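Read through the structure below, which is laid out as structure tokens, and then see the notes.
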Amino acid sequence: MTDHKQNPTGISARAMQGTEPAYLKGLNPEQRDAVLSTDGPLLVLAGAGTGKTRVLTTRLAHILTTQKAWPNQMLAVTFTNKAAREMKERIGHLIGNVVEGMTWLGTFHSIGVKILRNHYELAGLRSGFSILDDDDQVRLLKQLLKAEGIDEKRWPARQLANAIDGWKNRGLTPDKVTEAEAYSFANGLGKKLYQDYQARLKTVNAADFGDLLLEVVRIFQTHPDVLKSYQQKFKYMLVDEYQDTNVVQYLWLRLLAQGHRNICCVGDDDQSIYGWRGAEVDNILRFEKDFPGAKIIKLERNYRSTPDILGAASGLIAKNESRLGKTLRTDKTESTLVSVRGHWDGEEEARAIGDDIEALQRQKEHLNDMAILVRASSQMRAFEERFITLGLPYRVIGGPRFYERAEIRDAMSYFKIVASPDNDLAFERIINTPKRGIGDASIQKMYNVARTSGTSLYVAAEKMLGTDELPAKARTALRLLIESFARWRKQVDALPHTELAEIVLDESGYTEMWQHDKSPEAEGRLENLKELVRSMGEFENLAGFLEHVALVMDRDTGAETDDRVNIMTLHSAKGLEFGTVFLPGWEEGLFPHQRSLDEKGRSGLEEERRLAYVGITRAKHRATISFAQNRRIHALWQSAMPSRFIDELPEKHVEVAAMTSSYGGQSFASSRFDSNTSFGKGSYDTPGWQRAQARKSSGDTMRASPKFIEGEMTASFANTPTYETGERVFHQKFGYGNVTEVDGNKLTVDFDKAGEKRVIDSFVERG
DNA sequence: GTCCTAAATTTTTTT
DNA sequence: AATTTAGGAC
């Protein structure tokens with residue numbers, strides 16, 4: 001990158017003096033303070049909806065217009081690519097395309113790679129190292145476990161990957177892992193495996209996600225000259241979502257901030273939801289200690305939500321103990337209560353939400369301004385199915401990712417090997433895809449050679465072309481493949497990369513493989529491959545494309561011009577806002593999630609509560625929380641209790657909606673909802689009371705099934721004796737049909753319209 | 001080595 | 001329920 005020696009903004013400094021710049025207009029006093037306090041450490045505690053992004057972007061614009069720094073002297077870090085993109089865009093609106101000079105605006109990881117690419121040799125890597133994704137990482141570890149003779153059933157590679165990630169997140173290189181911790185995997189082999197893994201990464205010339213940060217920190221720590229050059233470079237530093245930083249990121253920032261000491265961190269401890277990824281809320285709680293003399297500004301004026309939404313969210317988050325404490329205020333007066341609804345099962349929940357959405361749509365509300373925020377992505381399916389039958393347009397944000405599809409990974413593997421042959425994982429993936437007659441046995445032989453000689457698989461394979469270790473058939477196939485790669489590699493600079501990509505897919509026989517495949521998905525896969533090549537065209541070269549995919553992992557969400565309901569997880573909803581928000585699945589075990597409770601105890605619960613807080617505060621006008629009494633998890637039905645979070649919502653901001661009259665167990669559900677006045681204090685006591693009772697009676701954890709709910713369920717089922725083959729039944733969704741088979745409480749019914757389906761007997765009635 | 005079937009295993013959130 | 005893995009037949 002060359003420095004453009006010109007005024008960074010195009011606006012003359014003279015014009016700025018005297019009159020106040022336009023971008024400061026409309027900021028409240030705290031926001032203005034946060035924008036203007038440019039020098040020295042600053043922590044901005046920005047509650048939900050308090051105009052955080054506006055402050056952030058205005059601050060950057062301000063530093064640039066006042067010429068305190070050139071665009072490339074500013075470091076601005078975000079967590080997601082989306083946030084980075086948005087920030088860039090908004091700065092662009094403020095000060096024009098000067099923002100293009102901000103080469104150090106990006107995610108921790110993308111900035112990490114950039115630094116690492118400049119100093120790869122200090123990390124034991126070679127030029128053009130590749131970035132391993134999650135899947136590659138696990139596959140590599142699997143090999144190491146196998147080589148070590150460790151039972152993969154007892155010690156899954158996935159678990160080791162998590163352990164290593166955890167260590168890396170905490171800034172621990174293998175030598176710094178304590179013996180005690182090393183024992184957490186395979187009786188002490190954890191440390192050795194971590195070491196082996198790192199060594200293997202170097203031979204295959206690759207870095208995993210954790211390395212992108214940890215290796216940089218290590219370089220900074222061991223090479224003061226390198227560190228110093230970056231310290232001098234970054235005159236102003238800005239960190240978004242500071243509450244989500246982990247130990248390495250914290251170390252990374254602190255090392256860099258020791259230069260000019262102009263670091264501004266923006267965050268909200270109440271929105272820290274990435275503890276499972278190593279985030280340390282402590283970082284934000286400790287800011288003043290780390291940066292003595294730091295200024296702290298609280299943004300508490302909320303511009304997003306109504307008083308009821310804010311009240312409900314605040315009441316909930318107040319139950320958390322470890323927080324700095326903020327009080328959000330709003331000037332808004334118009335308000336609707338947060339609605340809480342119970343349903344018989346997940347399908348009914350989806351039906352009710354679908355109805356609501358259609359009703360809102362009739363009132364001319366935009367679907368784009370509505371969102372369904374779920375705890376786990378497995379909840380999404382019910383909504384998708386319902387919306388498809390309704391013909392209601394929706395989009396899933398952060399769903400199954402394009403780049404995780406098998407055909408895309410295969411194709412990408414070919415491209416990766418063209419770019420860097422030492423990528424073992426990629427090579428193994430396609431060495432026999434399409435089938436070339438190179439089987440497991442041959443691959444194992446190659447691995448043995450690779451391991452003993454300390455080379456990559458590709459080099460070992462090349463070597464073995466000249467020996468008779470491999471069967472003749474395999475050797476011939478391998479020779480052909482290696483020669484092809486050599487040929488393609490020669491063309492990298494000669495041909496446009498999209499053209500080369502087509503040649504590779506063609507000549508390798510990969511396209512042909514799918515053309516001859518007669519499975520129904522084959523056509524879609526070929527379509528995806530075309531789409532892949534097309535999207536490559538947006539990048540300058542092959543290397544640029546590969547890097548983008550490694551770091552971003554999903555395609556741009558495309559045009560948001562069409563009006564669709566948004567479906568996403570609570571995690572990916574952070575930072576967004578919608579007029580209407582639906583929050584389904586508020587049930588014990590699902591939300592708060594059982595695993596979170598099991599693994600992290602109270603702190604896990606508090607993180608779940610923060611997640612609930614994030615969910616509610618996404619809403620501008622309306623929020624609807626719901627739970628289902630029964631949910632199908634895999635194949636079996638489980639009865640669930642309403643989430644404790646529902647009880648924690650302050651009564652005065654919540655209305656418990658009447659149950660949508662529907663069908664089946666519905667009637668009993670609504671009765672238990674309505675006839676509760678005899679129990680305890682206050683009129684607002686729906687679901688919570690049940691749970692309290694349940695816990696008292698079972699004396700067990702929250703998962704324990706409440707006796708009386710079971711009782712009622714059985715009672716309700718008892719009224720409906722089992723059906724017999726040939727009987728005529730009616731089903732809410734499928735209509736009338738004849739029972740063709742009975743298996744316990746599962747029936748096979750041949751429906752007049754819908755055809756043969758398997759259903760649970762409690763969902764049909766005699767017709 | 002390849003292909004087919006049976007069995008086992010999943011059950012959070014993501015750069 | 002759906003997907004991945006293991007094992008066995010060819």
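Throughout, protein chains are lettered first and strands after them, A, B, ... in sequence-line order, and every chain is numbered starting at 1. Remember, it's a predicted structure, so these values are computed and weren't measured experimentally.
- Ring-base stacking between Tyr274(A) and dT13(B) is not satisfied when judged by a centre separation under 5.5 Å and a plane angle under 30°.
- An OP1 or OP2 oxygen of dT12(B) is reached within less than 4.0 angstrom by no side-chain nitrogen or oxygen of Ser378(A).
- A straight line from CZ of Arg381(A) to P of dT12(B) spans 16 Å, rounded to a whole angstrom.
- Closest of all the heavy-atom pairs between Ala460(A) and Met446(A) is CB-O, 3.7 Å.
- A donor N or O paired with an acceptor N or O is not found under 3.5 Å between the base of dT13(B) and the side-chain atoms of Arg277(A).
- Checking dA2(C), dT14(B), dT15(B) against the side-chain heavy atoms of Thr80(A) singles out dT15(B) as nearest.
- At the phosphate of dT2(B), OP1 or OP2 sits under 4.0 Å from a side-chain N or O atom of Asn432(A).
- Note: CD (Glu404(A)) to P (dT15(B)) measures 10 Å, nearest angstrom.
- Taking atom CD on Gln159(A) and atom P on dT12(B), their separation rounds to 14 Å, with Å as the unit.
- Going from atom CD of Glu599(A) over to atom P of dT13(B) covers 13 Å, rounded to whole Å.
- A donor-acceptor contact closer than 3.5 angstrom is absent between the side chains of Arg277(A) and Asn246(A).
- Using modelled atom types and a 3.5 Å distance limit, the side chains of Glu608(A) and Ser596(A) yield a donor-acceptor pair.
- Stacking between Phe108(A) and the base of dT15(B) is absent under the criterion of ring centres within 5.5 Å and planes under 30 degrees.
- Residue Lys142(A) places at least one side-chain N or O under 4.0 Å from the OP1 or OP2 atom of dT5(C).
- Sequence order on DNA chain B of the closest nucleotides to Gly439(A) and Ser572(A) puts Gly439(A) first from the 5' end.
- Scanning both residues, Ser130(A) and Asn423(A), for their nearest heavy atoms gives OG-ND2, 3.4 Å.
- For His593(A) against dT12(B), no side-chain N or O and base N or O form a donor-acceptor pair under 3.5 Å.
- Heavy atoms of Lys435(A) sit under 4.0 angstrom from primed sugar atoms or phosphate atoms, though from no base atom.
- Here the closest non-hydrogen pair linking Phe645(A) and Ala612(A) is CD1-CB, 4.0 Å.
- Among the heavy atoms of the strands lying under 4.0 Å from Ala441(A) are primed sugar atoms or P, OP1, OP2 only; no base atom is included.
- Taking atom NZ of Lys114(A) as the reference point, atom C1' of dT15(B) lies 18 Å away to the nearest angstrom.
- Under a cutoff of 6.0 Å and an axis angle of 45°, Arg409(A) and Tyr403(A) do not form a cation-pi pair.
- Under 4.0 angstrom from either OP1 or OP2 of dG1(B) there lies at least one side-chain N or O belonging to Ser442(A).
- If you measure from atom CH2 of Trp637(A) to atom P of dA1(C), you get 10 Å, rounded to the nearest angstrom.
- When each of Glu608(A) and Ile443(A) is assigned the nucleotide of DNA chain B with its nearest heavy atom, Ile443(A) is the one assigned upstream, toward the 5' end.
- Note: CZ (Arg85(A)) to C1' (dT15(B)) measures 14 Å, nearest angstrom.
- To the nearest angstrom, C1' of dT12(B) lies 16 Å from CZ of Arg610(A).
- Using a 4.0 Å cut-off, some side-chain N or O of Arg595(A) falls inside it from OP1 or OP2 of dT12(B).
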